[in-house]
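Only a predicted model underlies this, so the values are computations on that prediction, with no experimental measurement involved. We're numbering straight along the sequence, starting at 1.
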Amino acid sequence: MATIAVTDASFQSDVLESDKPVLVDFWADWCGPCKMIAPALEEISDELADKVTIAKMDIMENTGIPGQIGVQSIPLMVLFKNGKPVAQKLGAAPKGQLKGWLEGEL
């Protein structure tokens, strides 16, 4: 399953009300490190499709949720379980590191 795009309007249903954990990648088009990790997140999304949904939220197009959560630097990945943020990782990292961190949090 590929990553899904989440907006301020869909955040409640796509993330908070999801029946499985959701990793939200807060990113922007001008962010180099965000672009670097995008292919890795796509691959991880396929590999862990049965365990977690990986969502991406463009902070330039959606300012409400990132503002509520307090996103100050990107890329910021926040893992939500049962509608609550339970873990976060700031900055780019190699695929193996991202996947290992995520699997450790699930």
Has D46 got more than 12 heavy atoms of other residues, nucleotides or ligands less than 6.0 Å from its CG? yes
Checking D25 against T3 for the side chain to side chain contact (heavy atoms under 4.5 Å, CB included) test, could you report, in this order, the C-alpha distance in whole Å, the side-chain angles of both residues, the deciding distance, and whether it holds? CA-CA 10 Å; D25 172 29; T3 59; over 6 Å; no
Under a 4.0 Å threshold between the charged nitrogen and the carboxylate oxygen, would E42 count as salt-bridged to K56? no
Hey, is D50 close enough to K20 for a salt bridge, meaning N to O under 4.0 Å? no
Contact check, side chains of [X] and [Y], non-hydrogen atoms, under 4.5 Å:
X: K35; Y: D29; answer: yes
X: P21; Y: L79; answer: yes
X: W101; Y: L23; answer: yes
X: F11; Y: I69; answer: yes
X: V22; Y: D14; answer: no
X: K95; Y: E47; answer: yes
X: L106; Y: L102; answer: yes

Candidate pair I54 and I44, rule side chain to side chain contact (heavy atoms under 4.5 Å, CB included), full reasoning: CA-CA 8 Å; I54 298 185; I44 293 168; 3.7 Å; yes
Just by distance, no angles: are the side chains of S10 and S13 close enough, under 3.5 Å, to form a donor-acceptor pair? no
Can you list the steps and then say if T7 with E61 is a side chain to side chain contact (heavy atoms under 4.5 Å, CB included)? CA-CA 8 Å; T7 64; E61 293 178 8; over 6 Å; no
If you take all heavy atoms of A92 and P75, which pair is closest and at what distance? N-CG, 3.8 Å
Residues P85 and V78: closest non-hydrogen pair is CB-CG1, 3.8 Å
Answer yes or no: is there a donor N or O on one side and an acceptor on the other, between the side chain of D8 and the main chain of G64, under 3.5 Å? yes
Between K81 and E105 (side chain of the first, backbone of the second, donor and acceptor by atom type, cut-off under 3.5 Å), is there such a pair? yes
Please test F80 against V24 for side chain to side chain contact (heavy atoms under 4.5 Å, CB included), starting from the C-alpha separation and ending with a verdict. CA-CA 8 Å; F80 290 83; V24 181; 3.9 Å; yes
